[in-house]
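Because only heavy atoms are used, hydrogens play no part in the values below, and waters and symmetry mates are left out as well, while side chains stay in. In the text below, chain A, chain B and the rest are named by the order of the sequence lines, each starting its count at 1.
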Protein chains: 2
Amino acid sequence: MIEMTDVKKNSVYEYLYNAIRTGEIKPGQTLTERGLAEKIGVSRTPVREAIRKLEEQGIVTHEPHKGVKVITLSVGKVAQLYDVRELLEGLAARKLAERHTPEGISELARLIDKAEQEAVANHVHELARINSEFHLTLARLSGNVYLEAIMNMLQTQIGLMMSASLSTSGRPLQNISEHKMLIDAIRSGDGEFAESIAKHHVRNAREHAMQKLTEGGE
Amino acid sequence: MIEMTDVKKNSVYEYLYNAIRTGEIKPGQTLTERGLAEKIGVSRTPVREAIRKLEEQGIVTHEPHKGVKVITLSVGKVAQLYDVRELLEGLAARKLAERHTPEGISELARLIDKAEQEAVANHVHELARINSEFHLTLARLSGNVYLEAIMNMLQTQIGLMMSASLSTSGRPLQNISEHKMLIDAIRSGDGEFAESIAKHHVRNAREHAMQKLTEGGE
DNA sequence: CCCCTTCATTTGGTATACCATATTAATGAA
DNA sequence: TTCATTAATATGGTATACCAAATGAAGGGG
């Protein structure tokens with residue numbers, strides 16, 4: 001149960017995103033500005049703004065005079081998500097390989113180190129967060145501002161999906177290993193190569209996600 | 001000069017977007033909620049919301065306690081935009097080719113017809129709008145909800161860029177011709193082929209845009 | 001003359017109230 | 001009972017007011 005005391009500090013958006021992520025607010029559920037405002041103890045204004053942001057990020061859909069509805073992440077949509085992601089991760093890796101700096105590489109390396117620590121400690125939530133940050137950082141370092149914005153949306157969606165099926169399997173370690181390979185490829189400066197590694201990595205992640213979805217829920 | 005009377009009807013976002021597009025509000029210019037509210041005759045609330053949306057779409061950047069600043073579309077950024085667009089248009093075309101319906105094809109064909117009419121009438125603004133709608137429709141028909149959302153952002157940015165250098169050259173006709181080729185490719189059902197046509201089309205559009213940018217302004 | 005402190009102004013954020021419109025419920029007539 | 005009309009309610013949108021925080025300017029001390 002998420003504390004509703006002084007939500008202001010963290011922003012209503014964070015509160016709602018986490019509430020949806022953790023399942024406190026379930027897919028398909030309808031939300032209203034007034035209802036949420038009362039529930040979390042703030043006025044309509046910040047709630048309204050948060051809902052708009054959720055809408056922009058594709059987490060809720062708005063139907064006039066009915067309220068907003070939390071999306072349901074179907075298998076089909078996850079496949080669509082990874083279709084887009086594969087291309088964009090590939091582009092990011094290629095561009096970054098062609099313009100990589102020692103600082104950028106070490107920034108990514110640091111994130112991998114952190115991920116490794118969280119992985120052995122079995123902190124799945126933290127691990128997921130750092131994983132997301134890794135890919136966002138990659139997009140940012142690629143130098144393409146659009147990639148950064150888009151990847152942010154995709155990672156937001158992935159964050160929702162992941163919490164449903166948190167992988168405690170051997171995937172985290174393989175994931176980290178793939179990230180290391182990706183960094184090496186980027187450091188090599190070979191754009192084509194880095195792109196292929198990145199795309200391969202996304203395809204693996206996709207397979208894993210799809211498998212989790214089809215066997216577990218849905 | 002855009003009329004400010006009863007902006008409510010069209011929404012503040014549209015007003016601001018057009019004001020920026022037409023150059024009434026110039027790149028680099030700083031905007032404030034209160035200033036805009038007074039200028040266009042509405043309260044801060046809808047202005048605030050519109051600004052947030054502009055921010056999400058990457059049209060303005062917000063610096064705390066300084067106001068929001070209208071972005072400057074550099075040549076580099078436009079190149080980044082087309083890098084992303086090429087991949088995604090390719091994906092959209094491929095997916096649509098693999099699931100095309102007669103209704104979808106005729107919807108696209110209708111838009112091309114309209115574009116042709118506006119082209120011969122030399123209505124450059126209308127032509128640009130329909131052109132944008134063509135690509136948005138393509139993304140929507142591809143069945144990938146993420147493509148649709150992303151393409152919307154990209155087209156919004158392109159809309160800004162186009163108004164700076166409105167092409168009265170022979171490009172419109174070539175553009176329409178390429179769209180026709182794309183539809184044929186999609187109708188053939190050959191995903192690979194449709195993808196290559198779409199990517200080629202984007203590369204041409206990119207060349208044209210870059211040329212206009214480097215010779216004209218910047 | 002310069003720097004530091006203080007205060008006014010500007011901006012950001014939130015709360016509350018009001019009105020329009022759409023949906024839903026209630027009521028009444030066929 | 002069923003349908004149409006009307007009334008109540010919920011939602012969306014906007015306006016206004018208030019408070020906090022940050023910036024920039026003014027004034028005082030070194």
Side-chain angles (χ1 to χ4, degrees), chain A residues 2-20 25-72 149 152, chain B residues 2-20 24-72 149 152 156:
Chain A
I2 296 170
E3 273 302 320
M4 67 179 70
T5 323
D6 283 330
V7 169
K8 279 172 276 217
K9 287 174 189 167
N10 299 342
S11 90
V12 178
Y13 173 80
E14 293 295 329
Y15 170 82
L16 288 177
Y17 178 73
N18 284 319
I20 292 170
I25 297 175
K26 290 174 188 59
Q29 191 169 341
T30 302
L31 308 175
T32 63
E33 290 175 12
R34 283 177 172 86
L36 288 173
E38 192 180 359
K39 183 182 175 188
I40 68 183
V42 294
S43 78
R44 273 179 64 203
T45 315
V47 171
R48 183 184 178 82
E49 224 158 87
I51 286 180
R52 286 295 151 87
K53 197 170 171 185
L54 291 170
E55 219 180 325
E56 294 279 342
Q57 300 268 299
I59 296 175
V60 301
T61 58
H62 179 167
E63 6 198 343
H65 285 278
K66 292 286 178 78
V68 293
K69 221 168 66 176
V70 179
I71 60 152
T72 306
N152 187 52
Chain B
I2 297 170
E3 272 303 320
M4 67 179 69
T5 322
D6 281 332
V7 170
K8 278 171 277 214
K9 286 175 188 166
N10 299 342
S11 91
V12 179
Y13 173 79
E14 293 294 329
Y15 170 82
L16 288 177
Y17 179 72
N18 284 320
I20 293 171
E24 189 178 336
I25 298 176
K26 290 173 187 60
Q29 192 169 340
T30 302
L31 308 175
T32 63
E33 291 175 12
R34 284 177 173 84
L36 288 173
E38 192 180 359
K39 184 183 175 189
I40 68 183
V42 294
S43 77
R44 275 179 63 203
T45 316
V47 172
R48 183 185 178 82
E49 223 158 88
I51 287 180
R52 285 296 151 87
K53 197 169 170 185
L54 290 170
E55 219 180 325
E56 294 279 342
Q57 300 268 300
I59 295 174
V60 301
T61 58
H62 179 164
E63 6 197 345
H65 286 277
K66 293 285 178 81
V68 292
K69 222 169 65 176
V70 178
I71 60 153
T72 306
N152 188 52
T156 301

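Although no hydrogens or angles enter the test, the distance criterion places no donor-acceptor pair under 3.5 Å between the side chain of B:E14 and the main chain of B:S11.
Residue A:R34 contributes atom CZ, which lies 10 Å from atom C1' of C:dA17 at whole-angstrom precision. Rounding to whole angstrom units, CG of residue B:L31 and P of C:dT11 are separated by 11 Å. For the pair B:I40 CD1 and D:dT14 P, the interatomic distance rounds to 10 Å; values are reported in whole Å. Distance CD (B:E38) to P (D:dT14): 19 Å, rounded to an integer number of Å.
Within the model, atoms CG of B:L54 and CG of B:L31 stand 8.5 Å from one another, a figure rounded to the nearest 0.5 Å. Atom CD in B:E55 sits 10.5 Å away from atom CD in A:E56 (nearest 0.5 Å). How far NZ of A:K39 is from CD1 of A:I25: 5.0 Å, rounded to the nearest 0.5 Å.
Using a cut-off of 4.0 Å between Lys/Arg side-chain N and Asp/Glu carboxylate O, B:E49 and B:R52 are scored as not salt-bridged.
Taking a 4.0 Å limit (strictly below) on heavy-atom distances, residues 57-69 of chain B reaches DNA chain C at B:H62, B:H65, B:G67. Against DNA chain C, the stretch residues 43-53 of chain B makes heavy-atom approaches under 4.0 Å through B:R44, B:R48, B:R52.
Side-chain atoms of B:N152 and B:Q57, non-hydrogen and from C-beta on, do get closer than 4.5 Å to each other. Side-chain contact between A:Y15 and A:L36: absent, with no pair of heavy atoms (C-beta onward) separated by less than 4.5 Å.
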Legend entry - Verdict with supporting geometry, A:E33 and A:I51, side chain to side chain contact (heavy atoms under 4.5 Å, CB included): CA-CA 8 Å; A:E33 290 175 12; A:I51 286 180; 4.0 Å; yes

